[in-house]
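Both counts, for ligands and for their atoms, begin at 1 and track the order of listing.
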Amino acid sequence: MNIIRIKSTASTNLFLKERLKEHALAEGTVVWADAQTAGRGQSGTSWEAEPGKNITCSLLLYPSFLPPGRHFLLSETIALGIKDLVDDFIEGASIKWPNDIYYEDRKLAGILIENELSGGTFSQSVAGIGLNVNQEVFSSCAPNPVSLKQVTCRSFDREQLMDSLLRKISCRYGQLKAGEYERISQAYQASLYRKDGFHCYEDLNGRFHARLQGVGEDGTLHLATAQGEDRRYAFKEVSFINPSS
Ligand code: BTN
């Protein structure tokens, strides 16, 4: 993989997309910045990462081989690659739908995938990854963040970790390219945060208890309420509520 290592940029996703406007780049190109001045999260949020302590990178992929309606597999693939890495160091990691990496009830990593569509296929994807590594204090508690260091009480060599991360993602992406869709979606479903039991959720109509049934091919979350009603949600239509909140 071709890694472009930079000291600082507004956002690695933006940096990569700007370079792509200037010239073509090979699949697998990675931009890794030690600091982001305007790191971006899902739905217009910002991504907090103390300079020099974490992994904030963007990976360029050309998943035009994905059949229509199966684009969520890319999200599953990247999330699994990160979780595979985290599993080497800690127990208890999961994937919170749609693609956050959690340790217990706290967020270890987030993914921001920005796609270019051409004729119904994803011609180009920039997969931005923020993994909390050696950071010990977070100024915002918004996504309930936690780092690998906070969980394990040890520091990590970020270069080695990055090397392993790219290997893990590359391995999962190889499965995706080989058409092993069942393998990926089964691993994803098996890794889901709150996959067992009833938990509290909130939609436009208020709070309710439900059991997670799975995630559909289109990426919708399927829940079954305690009253036996099936509900399906697109991203941001439902929130996971913690007992303490
Ligand atoms: C989320 O909200 O969970 C997504 C967070 C994604 C953060 C990463 S850090 C590297 C890349 N560049 C960005 O500006 N965002 C992503």
Side-chain donor-acceptor pairs of residues 209-218 under 3.5 Å, sequence neighbours excluded:
residue, atom, partner, partner atom, Å
E217, OE2, R70, NH1, 3.4
D218, OD1, T220, N, 3.1
D218, OD1, T220, OG1, 2.7

Heavy-atom side-chain contact between R158 and N134 under 4.5 Å: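 In short, these two side chains touch, coming nearer than 4.5 Å.
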Sub-4.5 Å side-chain heavy-atom contact between F122 and E116: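 They are not in side-chain contact.
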Steps toward ring-ring contact (aromatic ring centres under 6.0 Å, His included) verdict (F89, F156): CA-CA 10 Å; F89 303 104; F156 288 80; 5.1 Å; yes
Side chain to side chain donor-acceptor pair (under 3.5 Å) contacts in which one or both residues fall within residues 165-174, not counting sequence neighbours: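 Matches after skipping sequence neighbours: E27-Y173, D84-R172, D88-K168, D163-R167, R172-Q175.
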Report every pair formed by an N or O atom of ligand 1 and a protein N or O atom separated by less than 3.5 Å, giving atom names and the distance to 0.1 Å.
residue, atom, partner, partner atom, Å
ligand 1, 2 (O), Q42, N, 2.7
ligand 1, 3 (O), K107, NZ, 2.6
ligand 1, 12 (N), T12, OG1, 3.1
ligand 1, 12 (N), Q36, OE1, 2.8
ligand 1, 14 (O), S11, OG, 2.7
ligand 1, 14 (O), Q36, OE1, 3.4
ligand 1, 14 (O), R40, N, 2.7
ligand 1, 15 (N), R40, O, 2.7

Which residues share a side-chain hydrogen bond (donor to acceptor under 3.5 Å, both in side chains) with E50, sequence neighbours left out: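 Partners of E50 by the side-chain hydrogen bond (donor to acceptor under 3.5 Å, both in side chains) criterion, ordered by chain and then number, come out as K53.
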